[in-house]
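First comes the structure, then the notes that go with it.
By convention in this document, chain letters (A, B, ...) are assigned in the order of the sequence lines, proteins followed by strands, and residues within each chain are numbered from 1.
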Amino acid sequence: MEDFYITTAIPYVNARPHIGFALECVQADVIARHRRISGERVYLTTGTDENSLKNVIAAEKAGMKTKDFCAANSALFRELADRIGLSYDAFIETASDPDHRKVAETLWRACSKSGDIYMKKYSGLYCVGCELFYKESELVGGLCPEHRTKPEIVEEENYFFRLSKYGGRLLEALDKEITIIPDSRKSEITNFIKEGLEDFSISRSIKRSRGWGIPVPGDSSQTIYVWFDALGAYLSGAGLPSDMKKFNSLWPADMHVIGKGVVRFHAIYWPAMLMSAGIPLPKSIFIHGYVTVNGQKMSKSIGNVVDPVQMLEKYGMDPVRYYLTRSISTFQDGDFSEKAVKEATNSELVGNLGNFVNRTLTFISSVMGGSVDEQDLGEGKLLLDEVYKIVDEVERLMRQGQLNAAILRIMEISSLGNRYFQDNEPWKLAKEDAAAAKEVLFVCANLCRILGILIYPYMPETSNRILKYIGEEPTRLSGAKSLKKHFEIAAPNILFRKIE
RNA sequence: AGCGGGGUAGGGUAGUCUGGAGUGCCCGCCGGGCUCAUAACCCGGAGAUCGGUGGUUCAAAUCCACUCCCCGCUACCA
């Protein structure tokens, strides 16, 4: 059996999770579940990024110890992952996971051994009040945005990673080893590399990091820069270093699912670090867009931050998962609004999918005596052939990561079913031509079964319910194109409730 | 400023690489049908100078040039 190792990014925990991470969870999970029902052995890692100075500051503001603050917020991310149905196998909290700390140290030592880590003086604009370095672009009128004071130029010695050495090898790797999904992002990355890479700082003084984070091996006056340690979570999630058997079967990762804002770290820094450490490179990087809210960028100052857990409570897991994959384009930015969630749920889940399944199963249970058997197929055969083509098309789209296009195609099956049901009027046939009515319902029951299988990655709860109603065994994608010959059906409950 | 992405009916998208009647999908709107089904489903319709200008071509949403608007990244910041 083939292993498929997939990761989400690990968000940092200075605030509550927002709808953007929910999108990432759903996308990664749809891919993971699709692979699972394709017969692959899937392993999914997620977690939280905690060793950041920003967390120290946020904790201070909240009047908490950094450690407690991270643990509390991390629990919120875990809650979101659970509630949205993310089927993860490992959840790495970078501040408290002992394996993770070892991985960060190992990675450091390996890069150091390759001669890629060296000390360099760095000078920057430092605000004494914040105890932070600022970039010129972050200042407001040349002043610290927080304290309204002029920052001073301060010099500090840090460790640097010799990124400049890896430009050529990175370009080669992006050409041969690492698939960037979607393809359009690849040119963005290669252009950046071609412009020339500079070495980057991978440590902070203890003073600047306020003692939070993982100490540099062999130099307790410095802390490992958060990115250098965070990316290692993909390794620790796979079992490094405590379970090498697992690690060797999982690594290299098959796919990192990330947001467009962190492309550089994943597509440039990370592969370079791995090359330096002599570790194989991830096979693909899947890059999604950002979620806007009512057309606006999410921001605390606008006050439009959407709490995904609240949305899940209000609308349910599957409708939220459906909306995030159906209405938000997979690779571009997309908009979230409750109005749109409501419309998509009512017209597509209730009106199209839910209604088709319901009218079919209800009809079989109330008019056909609760069962239907294989029939000689006339026109129904044509419909099934058309649907089988869609099944193939969906599989092709899923393999390409076109999650949005695939769910649209899946929903077409339900539309076709509704039209077929309507055109053939089995409620009339039942009185005039029992065999013809049986054929129609036999076809529709099989369409329900195909739908139940195909929607599994997107809406696992609904999928399980449909398959249970029709007495189908656990989901296997390979069974989607064969007919189930006999159905025993009890009166079903409706799949989706209308949102008023 | 540089690099990248986007601008297609009221909203959202596909189509652009490999030009060929504005062709499709989802929602919304208007009209009709049907009644098995959650006022659901089915059919029909209105609605677009395909951001703008200029060019190549028998033919441009699609190719080329210029231009306007939106978004992201620009490195020690997740």
Review point. For A:Tyr159, which of A:Tyr225, A:Trp108, A:Tyr118 qualifies under ring-ring contact (aromatic ring centres under 6.0 Å, His included)?
Key: A:Trp108
Practice item. Taking atom C1' in both B:rG7 and B:rA48, compute the distance separating them and give it to the nearest angstrom. Key: 14 Å
Check your understanding: Heavy atom of residues 340-355 of chain A under 4.0 Å from RNA chain B: which residues?
Key -> A:Glu343, A:Ser347, A:Glu348, A:Val350, A:Gly351, A:Asn352, A:Gly354, A:Asn355
Check your understanding: Between A:Tyr420 (OH) and B:rC36 (C1'), how many Å, whole number?
Key -> 14 Å
Practice item. Measure from CG on A:Leu495 to P on B:rC41 and round the result to the nearest Å. Key: 14 Å
Check your understanding: Any side-chain N or O of A:Arg419 less than 4.0 Å from the OP1 or OP2 oxygen of B:rC43?
Key -> yes
Review point. P atom, B:rU38 versus B:rG52: distance in rounded Å?
Key: 48 Å
Check your understanding: Distance between the P atoms of B:rU62 and B:rA9, in whole angstroms?
Key -> 15 Å
Study note, to complete from the structure: Those residues at least two apart in sequence (or on a different chain) that pass ring-ring contact (aromatic ring centres under 6.0 Å, His included) with A:Phe442 are none
**Study point:** Note: A:Glu60-A:Arg210 ion pair, threshold 4.0 Å (strictly below)
**Key:** yes
Exercise for review: Write down the distance between CD1 (A:Ile189) and P (B:rG72), rounded to a whole number of angstrom.
Suggested key: 18 Å
Check your understanding: How close or far is atom C1' of B:rG11 from atom CZ of A:Phe336, stated in whole angstroms?
Key -> 17 Å
For nucleotides 2-8 of chain B, print each protein N/O atom paired with a nucleotide N/O atom at under 3.5 Å, atom names and distance only.
unit_1	atom_1	unit_2	atom_2	d
B:rC3	O3'	A:Asn191	ND2	3.4
B:rG4	OP1	A:Asn191	ND2	3.4
B:rG4	O2'	A:Glu188	OE1	2.9

Review point. With rounding to whole Å, what would you report as the distance between B:rU8 and B:rC50 at their C1' atoms?
Key: 4 Å
Review point. Quick one: A:Met273 CE to B:rA75 P, roughly how many Å, whole number?
Key: 19 Å
Practice item. Using the C1' atoms only, state how far B:rG51 lies from B:rG44, rounded to an integer number of Å. Key: 33 Å
Output one line per pair: protein atom, nucleotide atom from nucleotides 30-33 of chain B, and distance, for all N/O pairs under 3.5 Å.
unit_1	atom_1	unit_2	atom_2	d
B:rG33	N2	A:Gln422	NE2	3.1

Check your understanding: Rounding to a whole Å, what distance do you find between A:Asn158:CG and B:rC77:P?
Key -> 10 Å
**Study point:** Selection: residues 437-445 of chain A, any non-hydrogen atom under 4.0 Å of RNA chain B
**Key:** none
**Study point:** Shortest non-hydrogen separation from A:Lys186 to A:Ile180 and the atoms involved
**Key:** N-CG2, 3.9 Å
Study note, to complete from the structure: Separation of B:rU74 atom C1' from A:Tyr269 atom OH, nearest Å, is 10 Å
Review point. Does the pair A:Glu338/A:Lys314 count as a salt bridge with the N-to-O cut at 4.0 Å?
Key: yes
Revision key, fill the gap. Sorted by chain and number, sequence neighbours left out, side-chain contact (heavy atoms from CB on, under 4.5 Å) with A:Asp97 holds for A:Ile92, A:Asp99, A:His100
Practice item. Write down the distance separating the P atoms in B:rC64 and B:rU18, rounded off to the nearest Å. Key: 9 Å
